[in-house]
Peer 1: 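One structure coming up, written as structure tokens, with questions to follow.
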Amino acid sequence: MLLLANYEGRCGVPKAVEMLKARQNGLRAIIEGIKLVEENTDIHTVGQSSWPNILGELQLDAAVMDGNTRRSGAVGAIKGFKHPVEIAYELMERLPYEILVGEGAERFAREIEAVPNINETDASIKAWKKHLSQVLTDEQKKDFPNIRLLDVKSHAVDPEKLFDTTVYLSLDDEERISSATSTAGWAWKYPGRLGDSPIIGAGSYADSRYGACACTHTGEMTIRAGTARSVVLYLKMGFTIKDAVYQAARELGELQTGYLDEVTIHAINSLGEYFVLGVNSSEPIKYVVWNGSMDQPETKKAEKYMTY
Ligand code: GLY
């Protein structure tokens with residue numbers, strides 16, 4: 001058994017470990033762990049009280065993948081619900097689709113009686129107002145929100161870019177490998193922007209035969225490189241876990257245009273091995289891991305790789 005989570009998601013790890021130890025389904029274990037991250041108001045990049053988009057709205061993204069069936073469920077830009085990761089799971093269970101976004105995702109959430117929530121808090125609105133006061137011109141302030149948002153030059157400047165997203169990977173007692181993600185995406189993002197967290201193959205991928213991968217930070221890069229799927233494909237081709245992750249990291253380094261920044265790649269394989277690589281990390285990256293031979297989850301430091 002194995003659980004790997006990014007450090008931002010540490011508050012949900014004990015719950016997920018408890019469920020894995022009780023031999024429960026690994027996908028359900030990581031969903032229950034992530035739900036605790038989504039409702040933690042001290043975390044400003046996942047779930048409620050995250051920093052909102054440029055209009056002050058919290059649009060959340062999440063995905064799950066069951067590596068036995070390779071079925072996935074994802075929601076993007078969903079507003080007004082407490083647990084996007086649970087809605088993603090229900091989508092996988094109840095619909096023939098893999099992803100729903102915006103109003104469609106919200107309608108589905110209402111139909112399944114997902115827990116509604118006002119995710120914007122005093123803290124998130126205060127931070128958003130402060131940001132607007134710094135980036136808008138006097139003219140833009142006068143007309144806001146009826147301005148051309150593309151003229152607001154702040155979309156790629158995320159104060160929480162080092163902490164964004166939570167990702168969990170698990171290998172359970174029945175050798176099922178699962179992945180799950182949840183995020184508010186970039187602070188102050190353009191409305192409707194999706195990162196990699198709801199994009200299976202980019203921000204996460206799981207295949208019980210080989211392994212799983214999930215990424216944090218710059219979704220604009222992992223979408224273009226198909227990073228999570230690439231790592232699992234390299235595992236299928238027989239690469240060691242470290243070589244599989246490094247190969248995908250080199251592909252991120254080959255990107256020359258567009259928005260380029262940091263990415264952290266988290267991976268596990270079917271042998272119960274794990275590896276985390278901080279690509280172009282400006283700060284040390286930590287993660288949390290537990291396996292059947294550890295009494296408690298352990299916090300470790302990721303290896304670092306610079307592509308330039
Ligand atoms: N990695 C999260 C995002 O780009 O939204």
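We're numbering straight along the sequence, starting at 1. The analysis underlying the following values was restricted to heavy atoms, covering all of them including side chains, and did not include hydrogens, waters or symmetry mates. As the structure lists them, so they are numbered: ligands from 1, and atoms in each ligand from 1.
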Peer 1: Could you say whether the N/O atoms of T218 and ligand 1 ever approach to under 3.5 Å?
Peer 2: no
Peer 1: Identify the closest protein heavy atom to atom 5 (O) of ligand 1: which residue and atom is it, and at what distance?
Peer 2: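 Among all protein heavy atoms, the one nearest atom 5 (O) of ligand 1 is R193 NH1, 2.7 Å.
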Peer 1: Can you tell me which residue and heavy atom of the protein come closest to atom 1 (N) of ligand 1, and the distance to 0.1 Å?
Peer 2: H217 O, 2.5 Å
Peer 1: Taking only heavy atoms of T165 into account, list the atoms of ligand 1 that are under 4.0 Å away from them.
Peer 2: 1 (N), 2 (C)
Peer 1: Please say whether the positively charged group of R70, taken as NZ for Lys or CZ for Arg, lies over the ring of Y205, i.e. under 6.0 angstrom from the six-membered ring centre and within 45 degrees of the axis.
Peer 2: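 Pair R70/Y205 does not count as cation-pi.
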Peer 1: What heavy-atom pair brings T227 and C215 nearest, and what distance separates the two atoms?
Peer 2: CG2-SG, 3.7 Å
Peer 1: Flag yes if W186 and L194 sit in one hydrophobic cluster, no otherwise; membership is Ile, Leu, Val, Met, Phe, Trp, Tyr, and two members link when side-chain heavy atoms are under 4.5 Å apart.
Peer 2: no
Peer 1: T218 vs D261, test: side-chain hydrogen bond (donor to acceptor under 3.5 Å, both in side chains). Steps then yes/no.
Peer 2: CA-CA 6 Å; T218 315; D261 206 324; 4.7 Å; no
Peer 1: Is there a polar contact, in the sense of an N or O pair closer than 3.5 Å, between E220 and ligand 1?
Peer 2: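 Min N/O separation from ligand 1 is not below 3.5 Å for E220.
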Peer 1: Is there at least one pair of N or O atoms, one from G185 and one from ligand 1, spaced under 3.5 Å apart?
Peer 2: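 No - when backbone and side-chain N and O of G185 are compared with those of ligand 1, no distance drops under 3.5 Å.
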Peer 1: How far does CD1 of I285 sit from OH of Y7, to the nearest 0.5 angstrom?
Peer 2: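 If we round to the nearest 0.5 Å, I285:CD1 and Y7:OH are 12.0 Å apart.
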Peer 1: Which atoms from ligand 1 have a heavy atom of G195 less than 4.0 Å away?
Peer 2: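 Per the distance check, 3 (C), 4 (O), 5 (O).
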Peer 1: Run the numbers for me: atoms of ligand 1, each under 4.0 Å from some heavy atom of S197, listed by number.
Peer 2: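 Within the 4.0 Å cut-off of S197, ligand 1 contributes 2 (C).
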Peer 1: So, R193 and E220, do they make that salt bridge, N to O below 4.0 Å?
Peer 2: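 Yes, charged N to carboxylate O under 4.0 Å.
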Peer 1: Please confirm whether G203 comes under 4.0 Å of ligand 1, counting heavy atoms of the residue only.
Peer 2: no
Peer 1: Would you say T41 and S49 are linked by a side-chain donor-acceptor pair, where the criterion is simply a distance under 3.5 Å?
Peer 2: no
